[in-house]
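Chain identifiers are assigned alphabetically (A, B, ...) following the order of the sequence lines, protein sequences preceding nucleic acid strands; residue numbering begins at 1 within each chain. Side chains included, hydrogens not; waters and symmetry mates left out as well; all remaining heavy atoms used.
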Number of protein chains: 2
Amino acid sequence: MSPTPQERRAARHQLGTGSSAPAARRGPSGGRKKPITVDAIISTAFGIVEEEGYEALTMRRLATALETGPSSLYAHVVNKEDLDELLLGRLCAEIDLPEPDPAIWRQQIVGICTQLRDQYLRYPGISQAAFAAAPSNLDTLRVSEGMLAILLAGGIAPQTAAWAIDSLSLYVNAYSLEVSLANKRLSRSDDDWVVSRDELLRRFAALPDTFPQTKRYAAELTAGTVHDRFDFTIGLMIDGLGVAEIPREA
Amino acid sequence: MSPTPQERRAARHQLGTGSSAPAARRGPSGGRKKPITVDAIISTAFGIVEEEGYEALTMRRLATALETGPSSLYAHVVNKEDLDELLLGRLCAEIDLPEPDPAIWRQQIVGICTQLRDQYLRYPGISQAAFAAAPSNLDTLRVSEGMLAILLAGGIAPQTAAWAIDSLSLYVNAYSLEVSLANKRLSRSDDDWVVSRDELLRRFAALPDTFPQTKRYAAELTAGTVHDRFDFTIGLMIDGLGVAEIPREA
DNA sequence: TTCTGTCGTAGAACGGTGTTCGTGTCTACT
DNA sequence: AGTAGACACGAACACCGTTCTACGACAGAA
């Protein structure tokens with residue numbers, strides 16, 4: 001029997017794959033021009049997200065793009081959460097993991113974070129799905145493994161390295177999501193209070209005196225591109241790694 | 001004329017409040033037991049989120065709790081995004097901002113972050129709304145002002161301080177959202193692959209040899225409570241602040 | 001007192017979402 | 001040739017945010 005979507009999902013999380021037939025599918029596909037495959041679903045979904053954003057990725061929209069009805073998707077995918085996981089998996093699979101080089105471990109870590117960020121931003125809003133993703137997915141685990149290897153090669157203590165991976169991943173996700181949402185707000189600019197830097201400066205200047213520091217350092221608060229802030233924060237965390245004390249327990 | 005919800009929202013973002021009558025509302029309220037006020041809406045919404053999570057906060061659910069229909073809410077609130085903003089505003093208003101003390105600026109910053117985290121976790125999932133929130137809300141600006149004052153008192157360079165606030169806020173949001181989502185997954189445990197630490201360890205041990213570091217340091221990777229990781233990351237960032245170089249431009 | 005205008009309340013409906021049920025339809029094996 | 005089973009799909013369910021429209025009660029003016 002061909003694996004049900006549930007079985008595939010379990011396999012992705014390396015639960016008991018147990019029976020799991022050889023999965024050699026014979027092509028039914030009938031009168032269809034192109035049979036619906038999981039891969040076709042994922043590719044089409046990426047296309048939609050890339051062009052219209054993650055919020056546009058609905059089962060109906062996806063089904064329409066595949067020239068079928070919504071229910072047809074559920075033969076290949078457990079539910080939308082499962083689809084998100086598949087997307088995230090393929091996204092992580094694209095990440096290039098360098099061979100750990102102790103001399104440049106910082107650049108290597110920054111490089112991976114930047115790759116992740118760019119992938120997330122290429123498919124706007126998809127990082128939202130990354131928040132809900134379980135940590136036992138094989139593809140995401142592969143990236144973790146790569147980062148862990150680099151940090152360890154860099155001489156970081158295992159416990160510090162393990163937690164740093166969490167911190168970095170979470171921040172990259174959050175950053176990407178925030179930028180995606182900001183871009184979305186900016187694109188549908190029929191709304192008000194999506195403001196340029198000038199407008200923000202003007203508003204800070206107009207604040208009551210209860211906000212002395214904000215008024216005084218408005219320039220600094222609004223300075224830099226978003227990517228500058230990304231580099232700053234990643235640097236902050238990595239620089240902290242050298243001096244981070246080993247957590248008290250374990 | 002009483003301010004429309006749109007006007008109130010604009011005022012919250014301190015746009016041109018312009019005309020804006022004295023806002024002395026005469027009590028219509030008619031045969032209702034309790035008239036629907038913005039405050040009542042917010043309080044009820046907080047109650048729902050506290051008990052059932054942010055995803056349960058729908059306009060219909062909220063209206064039902066207020067013993068009315070969905071459309072009645074739109075006389076007081078522009079839309080759901082506006083409601084989110086109101087909730088976030090009240091949440092931020094609860095944050096206690098200490099008088100800056102240069103001797104303990106680190107503890108003070110950590111304290112604010114912890115307060116934010118606890119508030120976010122008290123109302124599970126509400127940090128999702130924080131991602132979409134515009135940065136010009138007065139209540140959120142108040143917290144930023146407080147953090148900025150503390151960092152400046154601690155001798156941090158203005159530009160570094162400004163960006164650090166961004167980093168810290170974003171991380172606290174992300175952390176809270178992740179923990180909330182994890183708890184949600186854990187509560188509806190009818191699903192599989194929500195795993196205990198033991199199960200996670202077992203799974204790491206069963207990984208193929210492509211994951212040598214993950215297998216070797218499985219203990220470290222799964223060590224600590226989530227709050228330990230929070231403290232670790234915040235500490236990482238704050239420790240990095242001392243040594244952070246001023247960004248190259250401006 | 002009566003009228004009128006205005007504002008909060010609410011029912012019904014619109015277009016959208018994820019998901020499921022039952023039925024068709026075609027392939028591949030016996 | 002016949003049959004079993006997997007795939008596809010239309011229709012439907014329950015829910016979402018939001019809007020249209022009518023209704024009803026109060027304030028102030030005549």
Can you see if the side chain of [X] gets near the phosphate of [N] - specifically, an N or O under 4.0 Å from OP1 or OP2?
X	N	result
B/Ser72	C/dG8	no
A/His76	D/dC7	no
B/Thr68	C/dA10	yes

With sequence neighbours excluded, residues passing side-chain hydrogen bond (donor to acceptor under 3.5 Å, both in side chains) with A/Ser127: none
Could you check how far [atom1] of [X] sits from [atom2] of [N], rounded to whole Å?
X	N	atom1	atom2	result
A/Met59	C/dT19	CE	P	6 Å
A/Lys80	C/dT20	NZ	P	15 Å
A/Asp82	C/dT20	CG	C1'	16 Å
A/Leu66	D/dA8	CG	P	10 Å
A/Glu81	C/dT19	CD	C1'	14 Å
A/Leu73	C/dG18	CG	P	10 Å
A/Leu62	D/dC9	CG	P	13 Å
B/Leu57	D/dC16	CG	C1'	12 Å

Could you note down all residue pairs passing salt bridge (charged side-chain N to carboxylate O under 4.0 Å, His left out) where [range] supplies at least one of them, sequence neighbours left out?
range	value
residues 40-50 of chain B	B/Glu50-B/Arg122
residues 57-66 of chain B	B/Glu52-B/Arg61
residues 131-140 of chain B	none

message: Do A/Arg117 and A/Phe230 form a cation-pi contact, if we require the NZ or CZ to be under 6.0 Å from the six-membered ring centre and within 45 degrees of the ring's axis?
response: yes
field: Salt bridge flag under 4.0 Å for residues B/Arg203 and B/Glu199
entry: yes
field: Partners meeting salt bridge (charged side-chain N to carboxylate O under 4.0 Å, His left out) with A/Asp118 (sequence neighbours left out)
entry: none
Pairwise N/O distances under 3.5 Å, protein to nucleotides 11-15 of chain D:
{"unit_1": "D/dA12", "atom_1": "N6", "unit_2": "A/Arg60", "atom_2": "NH2", "d": "3.3"}

